[in-house]
Amino acid sequence: MSKKQTTLIAVALVIIAAALAIQSGILSPKPEAVKPVVRVGYLMSDLHHLAYFVAKNQTAGGGRSFFQEYGVNVTDAAAGGYAQGGAEMDAFAGGQVDIGYLGSPPAITKHLNAGVNTSIIAQVNEIGSGLVVAKDINRFSDLKGKTVAVPSRSSIQYFLLLKLAEREGVEIKDITVMEVTPLSNMKIKMEKGEISGFVAWEPFVSEAVISDIGKLLASSNDIWPHHVCCVLVVSNSFLADYRDLVVKFLGAHMKATDWINNAKSKPNSTEYGLLIDIAVRFTGRSPEVVENALTLIEYRFEIDQTFTTSFKAFTEKLIQYNIVPLEKLSQRGYGDIDTFVSRYVNKTFLDEAKRK
């Protein structure tokens with residue numbers, strides 16, 4: 001066999017070996033990690049969660065949405081949103097939500113009571129709820145023996161009712177508390193005389209007042225000034241797999257929040273008109289209702305000392321009212337409330353997003 005033939009045979013054997021290796025996957029190039037579509041949870045017509053819809057709006061982003069700017073693809077985890085925060089946390093437990101907007105108390109109660117594996121990574125808003133009462137109710141004590149509706153017993157709204165009852169010296173057992181969802185049914189029940197009051201998030205409060213169905217007895221800011229309200233929650237399993245994507249999501253969330261606050265500060269601007277339009281389309285409420293409601297909500301993303309102090313106070317009250325039994329802290333691996341707050345509220349990713 002000639003030297004040339006030997007060389008050709010050797011080359012052929014190398015090619016065959018390489019082909020077999022590629023076929024077996026040994027030499028196959030690693031496929032690039034495919035970024036998932038982030039499944040986002042939020043509550044039905046909850047104006048607190050406006051930042052999500054602003055972040056999806058291409059006009060607000062100057063031609064491409066804030067999510068597109070950060071390379072994040074999103075989809076609604078549930079069409080139209082969840083009826084209340086407890087239901088959204090159940091969806092987290094079922095692996096149906098990756099990142100979600102919801103109230104602090106359901107995030108706390110479901111994590112501690114049911115072990116839902118989540119973390120809080122940003123704030124969404126402060127205040128923005130209220131107690132609406134029938135026209136024959138003039139003071140909180142008039143609600144004794146009456147029925148008051150809340151979204152659920154794991155909601156901020158129920159917590160606010162408890163706190164107001166405590167402040168006014170009224171035993172909560174003297175009020176019949178009814179869970180009502182969707183929140184649009186609260187106004188209907190008040191019109192029919194089935195309830196004498198309800199605690200809801202905006203724009204349901206402003207809608208009832210402007211339509212003259214009821215009157216505002218106390219805003220949530222009256223009950224607890226600048227209280228923490230909704231937060232951004234992430235599935236810990238999603239966070240472990242897609243940390244960079246979570247940071248990018250937070251970048252879009254921060255930009256959308258800043259955009260909202262800028263638009264609110266200039267009520268005669270084009271941006272303000274767009275803000276109202278986005279809010280109207282999201283909530284299905286009139287511009288008049290939306291504009292009134294926006295004055296009662298403060299949009300914030302910061303996790304600062306003010307937030308953590310308020311969040312700790314919420315947790316203490318939830319334990320005081322036995323909505324969360326004290327022993328749940330140790331059962332979930334937290335030695336005390338301070339440890340729980342410092343670990344469940346994780347600002348690492350927000351700080352990282354600010355640096356990018």
Side-chain angles (χ1 to χ4, degrees), residues 48-49 84-86 88-89 92 99-129 150-167 172 199 201 218-236 239 250 253-254 257 297-351 354:
H48 299 171
H49 303 167
Q84 34 91 354
E88 187 173 328
M89 286 296 285
F92 266 109
I99 297 176
Y101 296 74
L102 68 147
S104 297
I108 296 168
T109 56
K110 288 288 184 174
H111 175 70
L112 290 175
N113 290 343
V116 182
N117 192 22
T118 51
S119 294
I120 290 172
I121 54 174
Q123 192 170 186
V124 173
N125 74 293
E126 291 180 351
I127 62 177
S129 296
V150 296
S152 77
R153 282 175 171 78
S154 65
S155 67
I156 280 178
Q157 289 70 34
Y158 179 56
F159 177 84
L160 291 169
L161 180 66
L162 290 174
K163 188 167 178 65
L164 185 57
E166 180 185 69
R167 190 180 79 187
I172 195 65
V199 189
W201 57 70
S219 73
S220 63
N221 200 42
D222 296 328
I223 300 169
W224 186 346
H226 300 287
H227 67 83
V228 63
C229 187
C230 290
V231 289
L232 203 57
V233 175
V234 65
S235 158
N236 285 340
L239 179 58
L250 284 169
H253 172 65
M254 290 191 299
T257 304
I297 306 170
E298 295 180 5
Y299 293 95
R300 300 187 75 234
F301 57 77
E302 294 285 359
I303 293 179
D304 53 18
Q305 189 59 50
T306 300
F307 172 85
T308 53
T309 299
S310 183
F311 188 86
K312 179 183 176 182
F314 254 114
T315 304
E316 289 171 340
K317 286 295 183 182
L318 289 168
I319 291 172
Q320 175 189 330
Y321 295 131
N322 203 37
I323 296 171
V324 174
L326 179 60
E327 60 269 20
K328 289 296 181 181
L329 286 172
S330 58
Q331 288 176 13
R332 301 299 172 213
Y334 303 111
D336 52 31
I337 292 175
D338 286 325
T339 304
F340 164 67
V341 173
S342 66
R343 286 172 50 192
Y344 190 48
V345 178
N346 192 333
K347 63 178 292 188
T348 302
F349 313 103
L350 190 63
D351 289 341
K354 289 177 185 177

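Values below: every heavy atom of this structure, side chains too, minus hydrogens, waters and symmetry copies. FYI, the numbering just counts along the sequence from 1.
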Can you give me every donor-acceptor pair (side chain of residues 310-318, partner residue at least two apart or in another chain, under 3.5 Å) with its distance?
| residue | atom | partner | partner atom | Å |
| --- | --- | --- | --- | --- |
| Ser310 | OG | Val228 | N | 3.0 |
| Lys312 | NZ | Asp338 | OD1 | 2.9 |
| Thr315 | OG1 | Phe311 | O | 3.0 |
| Lys317 | NZ | Glu166 | OE1 | 3.2 |
| Lys317 | NZ | Gln320 | OE1 | 3.1 |

Notebook entry, point to check: Considering only heavy atoms from C-beta outward, does the side chain of Leu232 approach that of Tyr101 to under 4.5 Å?
Noted result: yes

Notebook entry, point to check: So, do Leu162 and Ile323 sit near enough that their side-chain heavy atoms are less than 4.5 Å apart?
Noted result: yes

Next item on the list: Could you check if a side-chain atom of Ile108 sits within less than 4.5 angstrom of a side-chain atom of Phe340, using non-hydrogen atoms only?
Entry: yes

Note to self: For Leu160 versus Ser220, what's the shortest heavy-atom pair and its separation?
What the structure shows: CD1-CB, 3.5 Å

Notebook entry, point to check: Any side-chain heavy atom of Phe159 sitting closer than 4.5 Å to one from Trp224?
Noted result: yes

Check: Any luck finding a side-chain donor-acceptor pair between Asn346 and Thr348 under 3.5 Å?
Finding: yes

Margin query: Let me confirm one number: the SG-CD1 distance from Cys230 to Ile297, rounded to the nearest 0.5 Å.
Written below: 9.0 Å

Item checked: salt bridge (Lys or Arg N to Asp or Glu O under 4.0 Å) pairs, two or more places apart, involving residues 102-118 -> Asp90-Lys110

Notebook entry, point to check: When rounded to the nearest 0.5 angstrom, what is the spacing between NZ in Lys328 and CG in Asn322?
Noted result: 11.0 Å

Item checked: From CD1 (Ile156) to CD1 (Ile127), nearest 0.5 Å -> 11.5 Å

Notebook entry, point to check: Is the backbone of Gly128 close enough, under 3.5 Å, to the side chain of His48 for a donor and an acceptor to pair up by distance?
Noted result: yes

Note to self: Treating Arg332 as the side-chain partner and Asn113 as the backbone partner, does any N or O pair qualify as donor plus acceptor under 3.5 Å?
What the structure shows: yes

Item checked: Nearest atoms (heavy-atom pairs only) where Ser104 meets Val231 -> OG-CG1, 3.5 Å

Check: Which pair of non-hydrogen atoms, one from Phe307 and one from Glu302, has the smallest distance, and what is that distance?
Finding: CB-O, 4.2 Å

Next item on the list: Please confirm whether the backbone N or O of Thr339 pairs with a side-chain atom of Ser342, one donor and one acceptor, at under 3.5 Å?
Entry: yes

Note to self: For His226, is there any backbone N or O sitting under 3.5 Å from a side-chain donor or acceptor partner on Asn221?
What the structure shows: yes

Note to self: Are Thr118 and Met89 packed together at the side-chain level, in the sense that at least one heavy-atom pair is separated by less than 4.5 angstrom?
What the structure shows: yes

Check: Judged by atom type as modelled, is there a donor-acceptor pair below 3.5 Å linking the side chain of His253 to the main-chain atoms of Gln123?
Finding: yes

Checklist line | side chain to side chain contact (heavy atoms under 4.5 Å, CB included) between Phe301 and Lys354, worked out | finding: CA-CA 11 Å; Phe301 57 77; Lys354 289 177 185 177; 4.1 Å; yes

Note to self: Suppose we screen for ring-ring contact (aromatic ring centres under 6.0 Å, His included). Which residues come up paired with His111, at least two apart in sequence or across chains?
What the structure shows: Tyr334, Tyr344

Check: At what distance, to the nearest 0.5 angstrom, does CZ of Phe349 lie from CG of Leu250?
Finding: 9.0 Å

Margin query: Once rounded to the nearest 0.5 Å, what's the spacing between atom CG of Leu239 and atom CG of Asn117?
Written below: 9.5 Å

Note to self: Quick check: closest heavy atoms across Pro106 and Gly85, and the distance to 0.1 Å?
What the structure shows: CB-C, 3.7 Å

Check: Which pair of non-hydrogen atoms, one from Leu350 and one from Ile121, has the smallest distance, and what is that distance?
Finding: CB-O, 3.8 Å

Margin query: I need the Leu102 CG to Ser155 OG distance, nearest 0.5 Å.
Written below: 11.5 Å

Notebook entry, point to check: If every non-hydrogen atom of Gly86 is compared with every non-hydrogen atom of Ser154, which pair is closest and at what distance?
Noted result: CA-OG, 3.8 Å

Check: Is any side-chain heavy atom of Asp336 closer than 4.5 Å to a side-chain heavy atom of Leu329?
Finding: no

